Enquirer: 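Sharing a structure, written as structure tokens. Questions coming.
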Amino acid sequence: MPESSENKSFFITTPIFYVNDAPHIGHAYTEVATDVLARWHRQSGDDTWFLTGTDEHGQKILRTATANGVAPKEWADRLVESAWRPLLNTINISNDDFIRTTDARHEEGVAKFLQKLYDDGHVYAGEFEALYCVGCEEFKPKSEIVDGTGAFEGEKVCAIHSKPLELLQEKNYFFKMSAFQDRLLALYEERPDFVQPASARNEVIAFVQQGLEDLSISRTSFDWGIPIPWDSSHVTYVWFDALLNYVTATGYGSNDEQFARRWPATHIVGKDILRFHAVIWPAMLMAAGLPVPEHVFAHGWLLVGGEKMSKSKLTGIAPNEITDTFGSDAFRYYFMRAISFGQDGSFSWEDLAARYQAELANGFGNLASRVLAMNAKYFGSVQPAAAEETAADQAIRELALKVTSAADTHIERFAIHEAIAEIWQLVDALNGYITEQEPWVLAKSEEQKPRLGTVLATATEGLRALAELLHPVVPEATAKLWAALGADEAIGALDEQPLRDAGTWGRLPAGTPQQPLAVLFPRIETDAESK
RNA sequence: GGGGCGUUAGCUCAGUCGGUUAGAGCAAAGGACUCAUAAUCCUUCGGUCGUGGGUUCAAGCCCCACACGCCCUACCA
């Protein structure tokens with residue numbers, strides 16, 4: 001690993017969410033994963049910026065707004081305030097910025113970007129006629145057009161939405177994406193980690209090798225969008241508009257200094273929108289003469305009952321259904337730990353409840369509880385002093401160093417699940433260490449007091465390391481633990497601790513007064529286990 | 001039709017460059033212990049690695065075919 005250089009820029013994004021959707025655990029999953037990565041880097045001292053937001057243009061939003069009797073902007077405002085900002089609170093997201101595609105900064109940036117592409121000859125006018133699906137916001141290829149049934153008998157309908165398609169003819173402006181095919185392939189070749197994981201990269205390469213076509217980037221059939229700067233009878237295609245949020249939010253066209261400091265970004269996306277981010281978006285940036293993203297990482301789907309959770313099929317689970325019972329920390333921990341980041345993963349209430357109980361309550365929560373209880377009982381609630389170190393103590397200390405470094409390496413590779421598994425070795429080792437060292441036996445003899453102090457000092461130092469290492473994943477529980485350790489007064493705020501030094505011993509001075517610990521993860525009686 | 005991925009213990013999943021008796025957690029059974037959230041620790045049980053071929057001294061891993069499942073297929077391919 002390279003030495004961590006101070007103020008290394010780390011700009012990470014989620015996709016911006018389509019306001020018309022109802023937030024479900026899939027959206028929350030993307031947010032949490034990005035948040036964990038952002039918190040890890042921020043706590044490590046990197047110059048971190050975490051951007052999320054909403055996508056608010058397009059025909060579908062115009063239609064639902066009209067159906068609800070309000071202007072589209074008002075409709076979007078309502079959804080942002082009632083659904084999307086609350087989602088971020090529900091799962092404790094630490095975003096630095098929230099962009100809406102209706103923000104003036106975005107609309108102005110998009111116009112500048114488009115004008116530049118037009119001036120530089122990357123955009124031309126063309127015309128076409130095709131079947132368009134309002135639900136998909138796009139013209140459909142033959143493979144996605146099927147014969148309607150029932151009420152739509154005899155009509156052509158969208159294979160996804162099963163609703164009739166509309167035959168549209170438009171004069172459109174096209175982006176000469178085909179011109180960037182070779183440069184894109186060279187990019188994937190030269191930077192193998194540009195698209196991750198490898199399965200996603202393979203898919204992208206195969207797709208581009210089949211040949212790229214130019215992309216229609218304007219629409220005239222409705223007006224809820226950003227006007228094309230040189231032809232106000234057109235609005236910008238929603239995807240072209242949406243992708244640009246990543247640069248307009250950080251000062252493109254308005255604040256060059258800020259833009260230079262942040263860009264390029266690391267994009268975390270669902271695998272459904274990989275192509276937009278790994279093909280179209282880099283091509284757009286190349287055309288504008290801007291650096292391409294640092295990484296595009298595509299994560300998998302959450303499977304519920306073995307099937308993909310779907311936005312349009314209403315199989316979504318609302319995040320607060322989980323957090324109301326288990327809390328936001330458990331939500332965050334569960335999805336980050338149980339699923340290999342980058343692959344599909346199964347969600348079940350049984351698995352969630354089992355992991356909550358076994359890993360959070362019995363593993364980590366109980367560890368904190370037993371150590372602090374013994375500090376209170378045997379040392380009057382202060383951090384004990386360590387005496388001579390034995391092999392067992394040394395093993396714990398070395399393990400803390402090892403897991404810190406290994407976890408950081410895993411985070412660099414986006415292997416969030418592996419980072420947590422690595423850190424959890426310390427939880428398990430500490431539980432075993434305490435059982436073997438039997439501090440309750442040592443406490444019976446005054447001569448053993450120094451040894452008792454060493455054991456509990458080691459265990460407490462382990463808790464301190466765990467609080468720091470797990471703070472990006474379970475911010476609330478670790479904050480409670482931090483307070484109980486008296487660490488705020490002794491060494492400062494938890495989120496200011498240098499994460500990459502978490503494994504270094506001796507940070508908490510002996511004699512530091514401790515506070516009673518609130519139960520970190522209370523036992524929960526669920527339907528699943530109480531039958 | 002084309003492309004990508006997956007199939008390993010009852011469940012959820014690891015398994016790097018092909019290399020000894022295929023690993024973990026949970027669940028299940030037994031034991032130890034009492035500081036702790038009836039928690040912890042130890043032990044045990046548990047697998048024809050989807051199917052059939054092939055390459056190799058050696059295959060969960062590489063090649064071919066098949067089965068099942070999932071995803072993508074960009075307006076005009």
Side-chain angles (χ1 to χ4, degrees), chain A residues 126-133 136 138-145 159 165 167-170 172 174 177-178 197-216 219 237 239 270-276 279-280 298 300-301 303 306-308 337-340 342-348 350-355 357-378 415 417-418 421 424-425 427-443 452 455-456 459 517-524:
Chain A
E127 192 154 346
F128 76 99
E129 169 184 291
L131 289 168
Y132 185 86
C133 172
C136 299
E138 63 194 14
F139 290 88
K140 307 306 294 184
K142 283 179 187 165
S143 59
E144 289 182 41
I145 298 172
L165 297 159
L167 185 64
L168 296 184
Q169 287 176 295
E170 287 193 352
N172 277 182
F174 288 81
M177 191 162 71
S178 58
S199 55
R201 175 173 180 260
N202 292 342
E203 196 165 321
V204 167
I205 291 173
F207 170 74
V208 176
Q209 282 174 338
Q210 287 168 24
L212 290 180
E213 297 181 6
D214 293 341
L215 181 72
S216 165
R219 299 289 185 268
Y237 171 51
W239 263 108
K271 67 182 183 182
D272 53 331
I273 54 174
L274 172 64
R275 190 163 297 171
F276 293 96
V279 180
I280 297 175
W301 295 118
L303 306 178
E307 291 191 354
K308 174 196 161 192
R337 174 70 193 268
I339 296 171
S340 291
Q343 299 196 352
D344 291 353
S346 303
F347 166 81
S348 74
E350 290 77 11
D351 192 38
L352 168 63
R355 283 184 182 272
Q357 187 77 280
E359 296 168 16
L360 290 177
N362 299 350
F364 179 46
N366 182 58
L367 172 67
S369 174
R370 65 197 300 213
V371 171
L372 283 159
M374 285 189 279
N375 284 341
K377 196 166 183 174
Y378 305 139
H417 57 294
E418 290 184 33
W424 224 258
Q425 287 181 28
V427 173
D428 293 336
L430 283 166
N431 271 320
Y433 168 81
I434 291 167
T435 300
E436 283 166 23
Q437 300 301 317
E438 301 182 306
W440 49 91
V441 174
L442 298 173
L452 176 62
V455 169
L456 290 181
L517 177 67
V519 173
L520 298 183
F521 300 100
R523 292 181 64 80
I524 291 170

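Being a predicted model, the structure only gives us computed values, none of them experimental. No hydrogens, no waters, no symmetry mates; every other heavy atom, side chains included, goes into these values. Note on naming: letters A, B, ... go to the chains in the order of the sequence lines (proteins, then strands), and numbering restarts at 1 for each one.
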Enquirer: Nearest whole angstrom, please: distance from the P of B/rC5 to the NZ of A/Lys271.
Expert: 11 Å
Enquirer: Within the structure shown, what part of the strands sits under 4.0 Å from A/Phe207 by heavy-atom distance: base, sugar-phosphate, or nothing?
Expert: base
Enquirer: Would you name the heavy atoms of A/Met177 and A/Glu213 that are closest together and state the gap between them?
Expert: CE-O, 3.4 Å
Enquirer: Nearest to the A/Phe521 side chain among B/rC26, B/rC35, B/rU37, which nucleotide is it?
Expert: B/rU37
Enquirer: Write down the distance separating the P atoms in B/rC13 and B/rC70, rounded off to the nearest Å.
Expert: 15 Å
Enquirer: If you round to the nearest 0.5 Å, how far is OH of A/Tyr237 from CD1 of A/Ile280?
Expert: 6.5 Å
Enquirer: If you check the A/Ser199 side chain, which of B/rC76, B/rU37, B/rC5 turns out closest?
Expert: B/rC5
Enquirer: Show me the dot-bracket string of RNA chain B, counting Watson-Crick or G-U pairs under 3.5 Å, with | for pairs to another strand and [ ] for crossing ones.
Expert: (((((((..((((.....[...)))).(((((.......))))).....(((((..]....))))))))))))....
Enquirer: Using a heavy-atom cut-off of 4.0 Å across all strands, would you classify A/Leu372 as base, sugar-phosphate, or nothing?
Expert: nothing
Enquirer: Expressed as a whole number of angstroms, how long is the span from A/Tyr433:OH to B/rC35:P?
Expert: 18 Å
Enquirer: Taking B/rG25 as the reference, what is the distance to B/rC45 when you measure between their P atoms (whole Å, please)?
Expert: 14 Å
Enquirer: So what does A/Ala206 hit on the nucleic acid, given a heavy-atom distance under 4.0 Å: a base, only sugar-phosphate, or nothing?
Expert: sugar-phosphate
Enquirer: Which nucleotide wins on minimum distance to the side chain of A/Ala354, given the candidates B/rC26, B/rA14, B/rU37?
Expert: B/rC26
Enquirer: Which one, B/rU73, B/rA74, B/rA39, comes nearest to the side chain of A/Leu215?
Expert: B/rA74
Enquirer: What heavy-atom pair brings A/Ile434 and A/Ala459 nearest, and what distance separates the two atoms?
Expert: CD1-CB, 4.2 Å
Enquirer: Report which part of the nucleic acid A/Leu520 touches: base, sugar-phosphate, or nothing (heavy-atom distance under 4.0 Å, all strands).
Expert: base
Enquirer: Can you check the distance between B/rU44 and B/rC26, where both ends of the measurement are the P atom (answer in whole Å)?
Expert: 15 Å
Enquirer: Can you check the distance between B/rG2 and B/rA14, where both ends of the measurement are the P atom (answer in whole Å)?
Expert: 29 Å
Enquirer: Could you give the CG-to-C1' distance, from A/Leu367 to B/rU40, as a whole number of Å?
Expert: 10 Å
Enquirer: Can you check the distance between B/rA67 and B/rA29, where both ends of the measurement are the P atom (answer in whole Å)?
Expert: 42 Å
Enquirer: Check whether any side-chain nitrogen or oxygen of A/Thr435 sits under 4.0 Å from OP1 or OP2 of B/rC42, and answer yes or no.
Expert: no
Enquirer: Hey, does A/Ser340 reach any base, or is it just sugar-phosphate, or nothing, if we go heavy atoms under 4.0 Å?
Expert: sugar-phosphate
Enquirer: Within less than 4.0 Å of OP1 or OP2 of B/rC13, is there a side-chain N or O belonging to A/Ser346?
Expert: yes
Enquirer: Tell me what A/Gly211 touches on the nucleic acid: a base, only sugar-phosphate, or nothing, going by heavy atoms under 4.0 Å.
Expert: base
Enquirer: Going from CG on A/Leu452 to CH2 on A/Trp440, what distance comes out if it is rounded to the nearest 0.5 angstrom?
Expert: 11.0 Å
Enquirer: Quick one: label A/Glu438 by what it contacts on the DNA or RNA (base, sugar-phosphate, nothing), any heavy atom closer than 4.0 Å.
Expert: nothing
Enquirer: Please name the pair of heavy atoms, one in A/Ala298 and one in A/Leu274, separated by the smallest distance, quoted to 0.1 Å.
Expert: CB-CD1, 3.9 Å
Enquirer: For A/Glu436 and B/rU43, what is the distance between atoms CD and P respectively, to the nearest whole Å?
Expert: 11 Å
Enquirer: Should the side chain of A/Asn366 and the base of B/rA36 be counted as holding a donor-acceptor pair, with the cut-off at 3.5 Å?
Expert: yes
Enquirer: Minimum heavy-atom separation for A/Met374 to A/Pro439, with atom names?
Expert: SD-CG, 3.6 Å
Enquirer: For A/Asp344 and A/Trp301, which heavy atoms make the closest approach, and how far apart are they?
Expert: OD1-N, 2.8 Å
Enquirer: So, does A/Asn366 use its side chain to make a donor-acceptor pair with the main chain of A/Ala361 at under 3.5 Å?
Expert: no
Enquirer: From B/rA74, B/rC5, B/rA14, pick the nucleotide closest to the side chain of A/Asn202?
Expert: B/rC5
Enquirer: Kindly point out which of B/rA36, B/rU40, B/rC26 is positioned nearest to the side chain of A/Asn431?
Expert: B/rU40
Enquirer: Given B/rC13, B/rA36, B/rC5, which nucleotide is nearest the side-chain atoms of A/Gln343?
Expert: B/rC13
Enquirer: Using the C1' atom as the reference point in each nucleotide, state the distance between B/rG46 and B/rG10 in Å, no decimals.
Expert: 9 Å
Enquirer: So which nucleotide from B/rA74, B/rC35, B/rG25 ends up closest to the side chain of A/Met374?
Expert: B/rC35
Enquirer: Return the CG to CG distance between A/Asn362 and A/Asn431, rounded to the nearest 0.5 Å.
Expert: 9.5 Å
Enquirer: With respect to the side chain of A/Arg523, which nucleotide from B/rA38, B/rC35, B/rC72 is positioned closest?
Expert: B/rA38
Enquirer: What pair of heavy atoms forms the shortest contact from A/Tyr433 to A/Val455, and how long is it?
Expert: OH-CA, 3.3 Å
Enquirer: Send over the distance from A/Ile273 CD1 to B/rC71 P, rounded to a whole Å.
Expert: 16 Å
Enquirer: NA contact type, A/Gly432, heavy-atom cut-off 4.0 Å: base, sugar-phosphate, or nothing?
Expert: sugar-phosphate
Enquirer: Measuring only the C1' atom in each nucleotide, how far is B/rA24 from B/rG69? A whole number of Å is fine.
Expert: 25 Å
Enquirer: Taking for each residue the nucleotide of RNA chain B bearing the nearest heavy atom, is the 5' side occupied by A/Trp440 or by A/Val427?
Expert: A/Trp440
Enquirer: CD of A/Glu213 versus C1' of B/rA77: gap in Å, rounded?
Expert: 7 Å
Enquirer: Expressed in angstrom and rounded to an integer, what is the separation of A/Leu303 atom CG from B/rC71 atom C1'?
Expert: 11 Å
Enquirer: Give the nucleotide from the list B/rA36, B/rC33, B/rU73 with an atom nearest to the side chain of A/Lys377.
Expert: B/rA36
Enquirer: So does A/Arg370 get a side-chain nitrogen or oxygen closer than 4.0 Å to the phosphate oxygens (OP1/OP2) of B/rU37?
Expert: no
Enquirer: I'd like the C1' distance from B/rU20 over to B/rC64, given in whole Å.
Expert: 29 Å
Enquirer: Take atom CD1 of A/Ile339 and atom C1' of B/rC70, then tell me their distance rounded to the nearest Å.
Expert: 15 Å
Enquirer: I need the A/Arg355 CZ to A/Leu360 CG distance, nearest 0.5 Å.
Expert: 10.0 Å
